[in-house]
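Side chains included, hydrogens not; waters and symmetry mates left out as well; all remaining heavy atoms used.
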Amino acid sequence: MKKQNEERVVILGGGVAGSLIAKSLQFNAHVTLVDPKEYFEISWASLRAMVEPSFAERTVINHRDYFTKGDLVTSNAVSVTETEVLTADGHQIEYDYLVIATGHADPVPKLRSERLHQYTEGGPTGVELAGEIAVDFPDKKITLVHKGPRLLEFIGAKAADKTLKWLKSKKVEVKLEQAVDLNSTTDGDRTIYQTSVGETIEADCHFLCTGKPLASTWLKETVLKNDLDVQGRIKVDENLRVKGRSNIFAIGDITDISELKQGFLAQKQAGVVAKNLRQMMEGGKECWRETYKPHPAMAIVSLGRNDAVAQFPFLTISGRIPGFIKSRDLFVGKTRKQMGLNPHIV
C-alpha cells in the first residue's frame with residue numbers, strides 16, 4: 001500500500017536492468033514493477049542452461065526473491081499517458097516517475113517453473129551455443145550457419161578470426177555468407193535442410209539464434225510516439241531521460257545509445273537512473289544529476305566452459321584468461337549477489 005506523500009515509480013520490464021532498479025528503489029519510493037513474467041533471467045547465461053538445465057536454477061529468479069516491498073503486476077504494458085500506464089489485464093497505474101526497460105520482444109513463459117521446464121527440453125546465440133555444445137558433447141556434429149562474411153560482426157575482425165579458429169579446433173563446421181531454409185525435408189530418419197547456396201545439411205535438430213525485435217511497437221500509439229527513432233528505439237539524453245521529458249527514463253536495449261547492447265551496460269544504466277531518481281525525489285539540484293557516457297566496443301564471448309575470446313579497447317585475446325573472467329560462472333554469482341541473493345545456491 002502506498003504511504004502518504006510517497007513518490008510513485010513505475011518500471012516497465014523486469015529484465016536485468018528493470019529488475020535492478022526495482023530492487024534498488026523499493027525502500028525509497030512506492031515501486032510498481034510491470035513485467036509479463038513472474039521472474040527475471042540472467043539472459044547471457046541462458047545458453048549454458050540449455051546444455052546444463054540445472055544451471056537455470058540459479059539464473060531464472062522469481063521477482064519476489066529480491067523485490068519484496070513494492071507491487072508486482074504480471075502483465076504487458078499496452079499504453080502510457082502523461083500520468084499513468086495501462087496494462088493488458090486492465091490495471092491503470094499512476095506514476096510520478098516512469099522507467100521503460102522492456103528490451104526485446106521475447107516470447108517466454110509466464111511462470112518460472114515453465115521456463116525451467118523449457119531448459120530440460122532444449123531451446124536458443126550462435127557462437128556461444130555452438131561452443132557450449134562442442135565442449136559438453138564433443139561427439140555431436142555441429143554446423144553453424146551465418147549470413148555475414150565473418151562471425152561476431154558486432155566486434156573486431158581479430159576476435160572473429162580467433163573464434164573461428166577455436167570452433168574449427170572443436171570440429172564445428174562453419175558456413176559463412178549463407179542462410180538456412182527451415183522448411184526441412186525428411187528422408188527416412190534424416191531431417192535435411194537446404195542453404196541459400198544450395199548446400200544441404202543433415203541434422204537431428206536446429207536452433208534459431210537470430211536477433212529479436214525491440215519491444216517498442218506498442219509505444220507508437222502512445223504519448224511517446226514522437227520519442228522513437230526510425231528503428232523504434234527511445235531517444236534519451238545524457239541522464240537517460242526520454243529527450244524533452246523530465247520524469248520518464250529509458251534504459252537497456254530499447255534506447256538509442258550508441259554502444260553495444262550488453263547486459264552489464266544495461267546494469268550500469270540502471271545504476272545511473274536509480275541515483276538520479278533518488279536525487280530527484282529528494283529535491284536535488286539538476287546539476288547533481290548522474291550522466292551516462294556510451295562505452296567503447298568491448299565484449300567477452302564464451303567458448304565453452306573454460307575458454308573465451310575478449311575484445312578490449314586496445315587488445316584482443318582468447319583462451320583461458322578471458323575464459324576465467326567469464327566462462328566459468330558467466331558472472332551469475334556476481335549478478336545474484338548484486339540482487340541481494342546468495343551467489344551460489346537457489
Side-chain angles (χ1 to χ4, degrees), residues 8-22 25 31-37 40 43 73 75-108 125 153-154 210-274 276-277 280 286 289-295 297:
R8 300 163 298 185
V9 177
V10 175
I11 302 165
L12 306 183
V16 293
S19 61
L20 184 56
I21 291 187
L25 295 180
V31 177
T32 301
L33 176 62
V34 180
D35 192 58
K37 56 194 187 315
F40 96 93
S43 54
V73 177
S75 184
N76 280 302
V78 294
S79 186
V80 58
T81 72
E82 302 286 357
T83 58
E84 66 181 16
V85 171
L86 176 65
T87 66
D89 63 356
H91 282 82
Q92 289 180 277
I93 311 165
E94 295 183 336
Y95 68 84
D96 298 301
Y97 300 97
L98 177 65
V99 182
I100 304 174
T102 48
H104 285 83
D106 195 4
V108 295
T125 283
E153 292 174 277
F154 61 94
T210 54
K212 300 168 185 174
L214 289 174
S216 63
T217 303
W218 65 281
L219 290 171
K220 295 178 181 179
E221 304 299 325
T222 73
V223 295
L224 299 179
K225 61 184 178 182
N226 295 323
D227 299 308
L228 304 175
D229 67 11
V230 294
Q231 294 177 299
R233 302 174 303 184
I234 301 176
K235 295 177 283 189
V236 295
D237 64 18
E238 62 181 2
N239 303 123
L240 300 179
R241 291 179 298 192
V242 177
K243 285 186 176 179
R245 297 182 181 274
S246 62
N247 66 333
I248 302 179
F249 294 78
I251 55 175
D253 292 355
I254 202 169
T255 69
D256 70 338
I257 298 171
S258 182
E259 65 181 6
L260 291 180
K261 302 304 183 184
Q262 297 173 292
F264 83 97
L265 294 179
Q267 290 175 320
K268 287 182 180 293
Q269 294 169 25
V272 169
V273 170
N276 285 338
L277 282 170
M280 293 172 73
E286 183 79 18
R289 300 285 186 267
E290 186 97 356
T291 60
Y292 182 83
K293 295 182 179 179
H295 290 67

- request: Verify, without hydrogens or angle tests, whether Ser216 (side chain) and Gly232 (backbone) share a donor-acceptor contact under 3.5 angstrom.
  value: yes
task: List in chain and number order the residues that pass ring pair (Phe, Tyr, Trp, His ring centres under 6.0 Å) with Tyr95, two or more places apart in sequence or in another chain; answer none if no residue qualifies.
output: none
- prompt: Is it true that Arg245 and Glu82 have a side-chain N and a carboxylate O under 4.0 angstrom from each other?
  reply: yes
- request: Could you tell me whether Glu153 atom CD has more than 12 heavy atoms of other residues or ligands within 6.0 Å of it?
  value: yes
- prompt: Quick check: does any side chain N or O of Asp35 sit under 3.5 Å from a backbone N or O of Leu12, one acting as donor and the other as acceptor?
  reply: no
Under 3.5 Å, sequence neighbours excluded: what are the donor-acceptor pairs made by side chains of residues 84-91?
unit_1, atom_1, unit_2, atom_2, d
Glu84, OE2, Gln92, NE2, 3.1
Thr87, OG1, Asp89, OD1, 2.4
Thr87, OG1, His91, N, 3.0
Asp89, OD1, Ser75, OG, 3.4
Asp89, OD1, His91, ND1, 2.9
Asp89, OD2, His91, ND1, 3.3

field: Carboxylate-amine/guanidinium proximity below 4.0 Å for Lys243 and Asp237
entry: no
field: Donor-acceptor under 3.5 Å (Asn76 side chain, Pro36 main chain)
entry: no
- request: Using atom types as modelled and distance alone, determine if a side-chain donor or acceptor of Asn247 lies under 3.5 Å from a backbone N or O of Asp96.
  value: yes
task: Using the test side chain to side chain contact (heavy atoms under 4.5 Å, CB included), find all partners of Asp256 that sit at least two apart in sequence or belong to another chain.
output: Asp229, Arg233, Lys235, Val236
query: Counting heavy atoms not belonging to Lys268, are there more than 12 under 6.0 Å from its NZ?
result: no
statement: Between Leu33 and Gly13, the two heavy atoms sitting closest are CD1-O, 3.6 Å
- prompt: Are the side chain of Gln269 and the backbone N or O of Gly252 linked by a donor-acceptor pair below 3.5 Å?
  reply: yes
- request: Show your reasoning for whether side-chain contact (heavy atoms from CB on, under 4.5 Å) applies to Leu240 and Ile257.
  value: CA-CA 9 Å; Leu240 300 179; Ile257 298 171; 3.5 Å; yes
